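Structure record follows, encoded as structure tokens.
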Number of protein chains: 2
Amino acid sequence: MPAEPLSRPRIVAAAIDLIEREGADAVSMRRIAADLGVGVMSLYNHVPNKAALLDAVAETVLSGIEFTDDPDADWTDRVRMQARAFRQIAHHYPRCTMVVVSRQLQSTAGLLPVERALATLRSAGFGGEEAVRILRMFIAYIVGSLLREVGVTPTFAPVHNTQADFERVDPALFPEINVLAAELSSCDHEAEFEFGMELLVQAIAVRREHGNEREKK
Amino acid sequence: MPAEPLSRPRIVAAAIDLIEREGADAVSMRRIAADLGVGVMSLYNHVPNKAALLDAVAETVLSGIEFTDDPDADWTDRVRMQARAFRQIAHHYPRCTMVVVSRQLQSTAGLLPVERALATLRSAGFGGEEAVRILRMFIAYIVGSLLREVGVTPTFAPVHNTQADFERVDPALFPEINVLAAELSSCDHEAEFEFGMELLVQAIAVRREHGNEREKK
DNA sequence: ATTGACGGACGTACACCGTACGTGCCACGC
DNA sequence: GCGTGGCACGTACGGTGTACGTCCGTCAAT
């Protein structure tokens, strides 16, 4: 007597749960079925195959982005907020992040963030082509940042101090690394992310100014 | 009569070859052994397990970066060159790129690029901590860019035009996407990469100016 | 020269994986 | 009453990573 009749959302939720608990490697159709107390092949009545299931996982995680867009705020603040929203879901589903960025999703799941971002950039005065370029640049930076974050803490396990690794390098061959061993081994991801984001925001801000000046001329 | 006696580099080379020919999904110990004309378990005399083999693949690919660093050039040009060198290996081993960025490598393989980059930034006048932050930002951007490039062309197969996908969205729900469908569906990766890199270079250039001014004050 | 140890190539075996296919149950429209 | 279609499920097949045991060539010590 299954209280709930095994639907696609339930399967996806179980998959996300499993990934967060035991990592992406632990995912198998048998394991998900066992967690749901269900036969393995029953899953295939709702999901065509494992790849599609993982796509659905990515889609679901991505659609969990919460936008608190304030149309009255400065456009730079809106850009900042949207970038942070992107990063926050990665903190909510840390183990799933690798799954999300690994599979390129050509579905409509990530479309709402794209729409919002483009609208913000257009309202800031950027042209269409330029807005797309800027958006792609931001996405690249965000994805790369998240990849490092989840890579360095794949299990949130004891972050075995890699400091020793950096201090063990040959000072003659790698003088800079040797001097900066402390800075290289520690990493405040939040501050790091904000630093890069601020640089990007200011870069496109000055680019907008130049564009406006050129228009006036 | 094995002409060459099956060494670890030979195994890694076979793995890279296989990945480039048939994609990362085709990699299996049995398949690699077959390509080498060798029994499966013989591989384990040189490689502890499959994960270590893939780590070695990442390490080997990464160590193939060619640096043509010109110490006399402007520091911005040196940064540009190093970023491009990073991207070029991804073009040389397109299918391996996902493997490289997927596994976080804490080995000494990627250390030389790090050393060069830090030296360049330090010589440009950046402080130690700031140089590390800037380097991390660049790496995030580059990794994110490469991930999009290899994601969009996982097999270099016919890039089934996703234009239709963008044009099919509801214009009422996604007006910006609808208007910019053409820009979103086409992507000149090279130009896109250069655009973002230029923005980053100029951003840190103005940051350096501000820092210098503050020092003078 | 004989022997012993040893490293590497290999086959077998096991647990697990994704999933194609067939079977049975149950709720429904006629 | 009777199809009929959807859904849960079991079985089975080909593939995977790898632990373990076996065999054999080489080389050091006796």
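A, B, ... follow the sequence lines: proteins, then strands. Residue 1 opens every chain. The structure displayed is predicted, hence computed values, not measured ones.
Classification of B:Glu194 and B:Arg84 as a salt-bridged pair holds, one side-chain N sitting under 4.0 Å from a carboxylate O. In summary, B:Glu20 and B:Arg95 do not engage in a salt bridge, as defined by a charged side-chain N under 4.0 Å from a carboxylate O.
Atom CG of B:Leu54 and atom P of D:dT16 are 14 Å apart (whole Å). Regarding B:Arg31, its CZ atom lies at a distance of 19 Å from the P atom of D:dG14, rounded to whole Å. One interatomic measurement links the two molecules: CG of B:Asp25 to P of C:dG18, which rounds to 13 Å at whole-angstrom precision. We find that CG of A:Leu6 is positioned 16 Å from P of D:dG6, with the value rounded to whole Å. Look at CG on B:Asn45: it is 17 Å from P on D:dG25, rounded to the nearest Å. In this entry the distance linking CD1 of A:Ile11 with C1' of D:dC7 reads 11 Å, nearest Å. Atom OH in B:Tyr44 sits about 17 Å away from atom P in C:dG8, given to the nearest Å.
Listed nucleotides C:dG18, D:dT16, D:dA8 differ in distance to B:Lys50; the shortest reach to its side chain belongs to D:dT16. Side-chain proximity of A:Ser42 to C:dT19, D:dA8, D:dT18: nearest is D:dA8. Candidate nucleotides C:dA20, D:dC7, D:dT18 were compared by shortest atom distance to the side chain of B:Met29, and D:dT18 ranks first. In the set C:dC10, D:dG10, C:dA9, C:dC10 carries the atom at the smallest distance from any side-chain atom of B:Met41.
Between the side chain of A:Arg30 and the base of C:dG18, at least one donor-acceptor pair of N or O atoms lies under 3.5 Å.
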Could you go through A:Asp69 and A:Arg78, starting from their C-alpha distance and side-chain angles, then the distance that decides it, and tell me whether this counts as salt bridge (charged side-chain N to carboxylate O under 4.0 Å, His left out)? CA-CA 7 Å; A:Asp69 197 8; A:Arg78 295 173 67 189; 3.1 Å; yes

Criterion side-chain hydrogen bond (donor to acceptor under 3.5 Å, both in side chains) on B:Thr76 and B:Arg80, from CA distance to verdict: CA-CA 6 Å; B:Thr76 59; B:Arg80 277 183 265 260; 3.1 Å; yes

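A:Phe193 and A:Tyr141 have parallel rings, their planes meeting at less than 30° on a 0 to 90° scale where 60° marks the start of perpendicular.
Put simply, B:Ser28 has a side-chain N or O that comes within less than 4.0 Å of OP1 or OP2 on D:dT16. Phosphate contact (OP1/OP2 of D:dG6, side-chain N/O of A:His46, threshold under 4.0 Å): absent. Note on A:Asn49: every side-chain N or O is 4.0 Å or more away from OP1 and OP2 of C:dG18.
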Return the polar atom pairs (N/O with N/O) between nucleotides 4-7 of chain C and the protein under 3.5 Å, or none.
none

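When only modelled atom types and interatomic distance are considered, A:Glu192 and A:Ser145 share no side-chain donor-acceptor pair under 3.5 Å.
Here B:Val38 lies in heavy-atom contact (under 4.0 Å) with sugar-phosphate atoms only.
For residues 35-51 of chain A, the pairs satisfying salt bridge (charged side-chain N to carboxylate O under 4.0 Å, His left out) are A:Arg21-A:Asp35, A:Arg31-A:Asp35, with sequence neighbours left out.
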